[in-house]
**Student:** 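Encoded as structure tokens, here's the structure I'll be asking about.
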Protein chains: 2
Amino acid sequence: MGLLNKRALVRQLQKSGIASRAVLARSLGMSQPTAGKIVDELIADNILEEVDAVEAGDGNGNGATRLGRPGRQLQLNRSQPGFLGIHLGIQETSLAELPLGDADEDRWRHSFRNPATKSQPVAQWEAELREAAKKLDSKKFLGVLLSVPGIVDEPANKILFSPNIHWSEGQDLPAVIRRVWNLPALVVQEERVVALGHHFNNPEDENFLLVDFGEGVGGAAIVGGKPFASPLPISGELGHTPALGNHRRCGCGATGCVETLVSTRGLIESFSAAHPKSKKTWAALGDHIAATGLEPWLTQSLDAAAVAICAALNVLGLRQVVITGSLAELPPAVLDYVSRSVQNGAMWARFGSIECVGAPRCRAAGLVAIGIDRLVVPETGDELDSKLKLSRGETSRAKPSKLNPATASKNEIYIS
Amino acid sequence: MGLLNKRALVRQLQKSGIASRAVLARSLGMSQPTAGKIVDELIADNILEEVDAVEAGDGNGNGATRLGRPGRQLQLNRSQPGFLGIHLGIQETSLAELPLGDADEDRWRHSFRNPATKSQPVAQWEAELREAAKKLDSKKFLGVLLSVPGIVDEPANKILFSPNIHWSEGQDLPAVIRRVWNLPALVVQEERVVALGHHFNNPEDENFLLVDFGEGVGGAAIVGGKPFASPLPISGELGHTPALGNHRRCGCGATGCVETLVSTRGLIESFSAAHPKSKKTWAALGDHIAATGLEPWLTQSLDAAAVAICAALNVLGLRQVVITGSLAELPPAVLDYVSRSVQNGAMWARFGSIECVGAPRCRAAGLVAIGIDRLVVPETGDELDSKLKLSRGETSRAKPSKLNPATASKNEIYIS
DNA sequence: TCATTTAATTAAGAAAACTACGAAACTCCC
DNA sequence: GGGAGTTTCGTAGTTTTCTTAATTAAATGA
């Protein structure tokens, strides 16, 4: 079946959650027989399932009974295991079984502390992984997805740089995962996961910049419903925008990165510099802000963050900012200030409106989206083929001389 | 014929300049019959032409005589008029006849001063245009391409904002052009034209950020060989990144934009503030820098520009900066300083190297590339159809319900 | 001159889309 | 309850587009 249409159909279903063959055909502009055939195939592959549920209020506003033969509703298969998601946090690693049709909140079932010892951290991590594997309900997944903070070379499946989880740098963690489960495994950059998760949990947001505050400050853009990516493994790194006049050393090796001002660590540092007598904790910082409002040391840091955000908005041509992470834990005045500061600096504010909203991190939805995109209906080749290839540890690079680009690139639309 | 392969073939020929059917087929991974058929069609449409020229050194290093039947070399048609390019400058408007296969330097044949009167500037511009039309060798073009500085809504063919050519704002200049020539007319943002021009004159540069210094400071990114674009009409606007500590008012309505520091006007302003006795001219500024080197007022401004460039590189995931315009006219120390400053701030410098090069503005090549992309082998529909539609002033939006996305989006790869 | 090599064209076939038609399933209305 | 109207879904046949295989063409080199 045409790869493009297959991808488009799956994607549409990811967004709409539930739909009939006819609705899919209409919304994608393809003919009914085509949609029907693709659906048949996807059901045979256990990716889609028919659901008997009555269609209550089908989103078009007409919740009333409709004329004609009712369509058989379809959704991404929820009764099957789907993917195994692994989130590599700074302190601990979490695991979750992710059914394909899971747009819900994150439910991380199992977790363990990351290796602390300097010797053999990867072997220790592997051992913990094996322990965790025993506790899982299922062993059969379509693949394993590893979300990692830092800089990730996704095509090569390698972790390049992770200032907060140094032991993972340069490691081939997917290979470790494959030793444990013998399944295709992918590494994905955390911010991209979160951004995609937000997109699929809020399908109406098709163009936005997600900014995640935490130990670091990262970003990822969704442009035209697709995650923005460039050939370089870095992108969306707005935490490492230099801030004029800032001379703090950053973990990345440079001096003056915005991240050194508005990461949790950076904010606490500034806070304790301004108030040496206060406790140097995140909670104390929050309490202080709630009590005294926004003091200059804070607004200056927030302005620096806003500059980086504005720069990104102006360059990418976006008007919506989604903010996740620690900044949303502080009193709302903080987010308000950033929002106003972005309004002042972003160019589109002169022509229209800028939106700046807080949101939770939706890693599960993002991981599923990436898994579907790269394992279930991958850009090139048959899914089974590529599964095998990946599980054998081969790169999934297509032979350019053999493949006709017209075939290879029917995959368009979801370049990822 | 499949639109994707047609586009791919034309694009390949744009890059390689000259190639035979067999070479094209091989390099694009399609079969020889397919390439042959597409070439036949393109020749019939007068877009390609066969050229008898012997193939001297075909780029593969083997300039020696090769075995076998020699391929019939093809190139974009140079014997036909191609496009009419119009460049809307700040002071004057220039015209050039652009053959399709033109990768040469810009040759603007005719130009006239822009309307100065406040009354009826558009009508006056139209009159000048009619005058200029008489001087042209040909009246038959595939279309007219208007390059405009400022903010342009390219899909809607409208000029939204142009701080330096206020009379053009909100005007439908393509309609004016159509009244004069009765041909399809497109407005394109100047920086995007220049970036595409650089890309096609240097096909090895597939990922870069072009930064153009002049009355304003604009940017445009080429990512994966394609101009980056978002749904919003702004993008690449790195001149309007706020610079912390800068309080100059910008023409865009905001305060503190980098552009107010490093545009020609901004630099002269800073120069005259630091040296009140000097002449307030660009030449005097250049002489002064050549004589005394980089003074603090200048390095601070350049640092601000570097921050904006770094922010863009980090967010877009790029490692090459192409600088055009007035900054390249100053002593080389200036570009060197910016280059070093970018090295310090751009994140990729921690992993690899950052490149920062000056280059001339290649508007002609960029306009031709855009014209080919949007008029000769447009993404959707037949070229003739869309030509007619455009010349009738209709939008060339495809009917989504009618077109099969598999057909519509075989256009992949060259999303533009 | 003839074998070898490469280019371009022709012919036949496969993939994937479409249109057209008909059966199935439901509502509405008499 | 039963026909008319609607909508869904599947089947059959057609079209488009690209492929492979075979053929013809044009050059080199012994």
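Chain letters run A, B, ... following the sequence lines, proteins first, then strands; residues in each count from 1.
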**Student:** Give me, pair by pair, the N or O atoms of the protein and of nucleotides 10-14 of chain C that are less than 3.5 Å apart, along with how far apart they are.
**Tutor:**
none

**Student:** So which atom in B/Gly317 and which in A/Ser230 form the shortest heavy-atom distance, rounded to 0.1 Å?
**Tutor:**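 Here B/Gly317 and A/Ser230 meet closest at O-OG, 2.6 Å.
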
**Student:** If you compare every side-chain N and O of B/Arg72 against the phosphate oxygens of D/dA26 (OP1, OP2), does one of them come in below 4.0 Å?
**Tutor:** no

**Student:** What heavy-atom pair brings B/Gln32 and B/Ala22 nearest, and what distance separates the two atoms?
**Tutor:** NE2-CB, 3.4 Å

**Student:** Roughly how many Å is it from CD in B/Gln32 to C1' in D/dA26, rounded to a whole number?
**Tutor:**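 One finds 14 Å between C1' of D/dA26 and CD of B/Gln32, rounded.
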
**Student:** Looking only at non-hydrogen atoms, find the nearest pair between B/Leu76 and B/Glu49 and report the distance.
**Tutor:**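 Minimum heavy-atom separation between B/Leu76 and B/Glu49: O-OE2, 3.8 Å.
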
**Student:** Just say parallel, tilted or perpendicular for the rings of A/Phe208 and A/His199, cut-offs at 30° and 60°.
**Tutor:**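 Correct class here is tilted.
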
**Student:** Can you measure B/Asp40 atom CG to D/dC18 atom P for me and round it to whole angstrom units?
**Tutor:**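 Distance check: B/Asp40 CG to D/dC18 P gives 14 Å.
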
**Student:** Measure from the side-chain heavy atoms of A/Asn5 and tell me the nearest of C/dA17, D/dG10, D/dT19.
**Tutor:** C/dA17

**Student:** Would you list the protein and nucleotides 22-26 of chain C atom pairs, both N or O, that sit under 3.5 Å from each other?
**Tutor:**
unit_1	atom_1	unit_2	atom_2	d
C/dA24	N3	A/Arg69	NH1	3.3
C/dA25	N3	A/Arg69	N	3.3

**Student:** Measuring to OP1 and OP2 of D/dA25, would you say a side-chain N or O of B/Arg21 lies under 4.0 angstrom away?
**Tutor:** no

**Student:** Please report, rounded to the nearest Å, how far the P atom of C/dA16 is from the CG atom of B/Leu4.
**Tutor:** 16 Å

**Student:** Starting at CD of B/Gln73 and ending at C1' of D/dA27, how long is that distance when rounded to a whole Å?
**Tutor:** 14 Å

**Student:** Just to confirm, is there a sub-4.0 Å distance from OP1 or OP2 of D/dT17 to any side-chain nitrogen or oxygen of B/Thr34?
**Tutor:** no

**Student:** For B/Ala22 and A/Ala35, take the nucleotide of DNA chain C holding the closest heavy atom to each; which residue's nucleotide lies nearer the 5' end?
**Tutor:**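 Taking each residue's closest nucleotide, the earlier one in sequence belongs to B/Ala22.
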
**Student:** Rounding to a whole Å, what distance do you find between A/Leu9:CG and C/dA16:C1'?
**Tutor:**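 Whole-Å distance recorded here is 15 Å.
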
**Student:** What is the distance, rounded to the nearest whole Å, between atom CD of B/Glu50 and atom C1' of C/dA8?
**Tutor:** 10 Å

**Student:** Is there a side-chain contact between A/Val10 and A/Val376, using heavy atoms and a 4.5 Å cut-off?
**Tutor:**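 With C-beta onward as the side chain, the pair stays apart.
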
**Student:** Compare all side-chain heavy atoms of B/Lys37 with those of B/Thr34 and state whether any distance is below 4.5 angstrom.
**Tutor:**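 With C-beta onward as the side chain, the pair stays apart.
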
**Student:** Identify which one of B/Leu375, B/Leu100, B/Leu183, B/Leu84 satisfies the side-chain contact (heavy atoms from CB on, under 4.5 Å) criterion when paired with B/Leu142.
**Tutor:**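 Of all the options given, the one that passes is B/Leu100.
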
**Student:** Choosing from C/dT19, D/dG10, C/dT9, which nucleotide comes nearest the side chain of A/Ser31?
**Tutor:**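 Among the listed nucleotides, the one closest to the side chain of A/Ser31 is C/dT19.
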
**Student:** Provide, to the nearest angstrom, the distance between the CE atom belonging to B/Met30 and the C1' atom belonging to D/dC18.
**Tutor:**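 Distance, rounded to whole Å: 10 Å.
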
**Student:** Please test B/Val188 against B/Ile370 for side-chain contact (heavy atoms from CB on, under 4.5 Å), starting from the C-alpha separation and ending with a verdict.
**Tutor:** CA-CA 8 Å; B/Val188 217; B/Ile370 289 175; 3.1 Å; yes

**Student:** Does the side chain of B/Arg21 reach to within under 4.5 Å of the side chain of B/Leu74, using non-hydrogen atoms?
**Tutor:**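 Yes; the side chains approach each other to less than 4.5 Å.
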
**Student:** To the nearest Å, give me how far apart CG (B/Leu24) and P (C/dT9) are.
**Tutor:** 13 Å

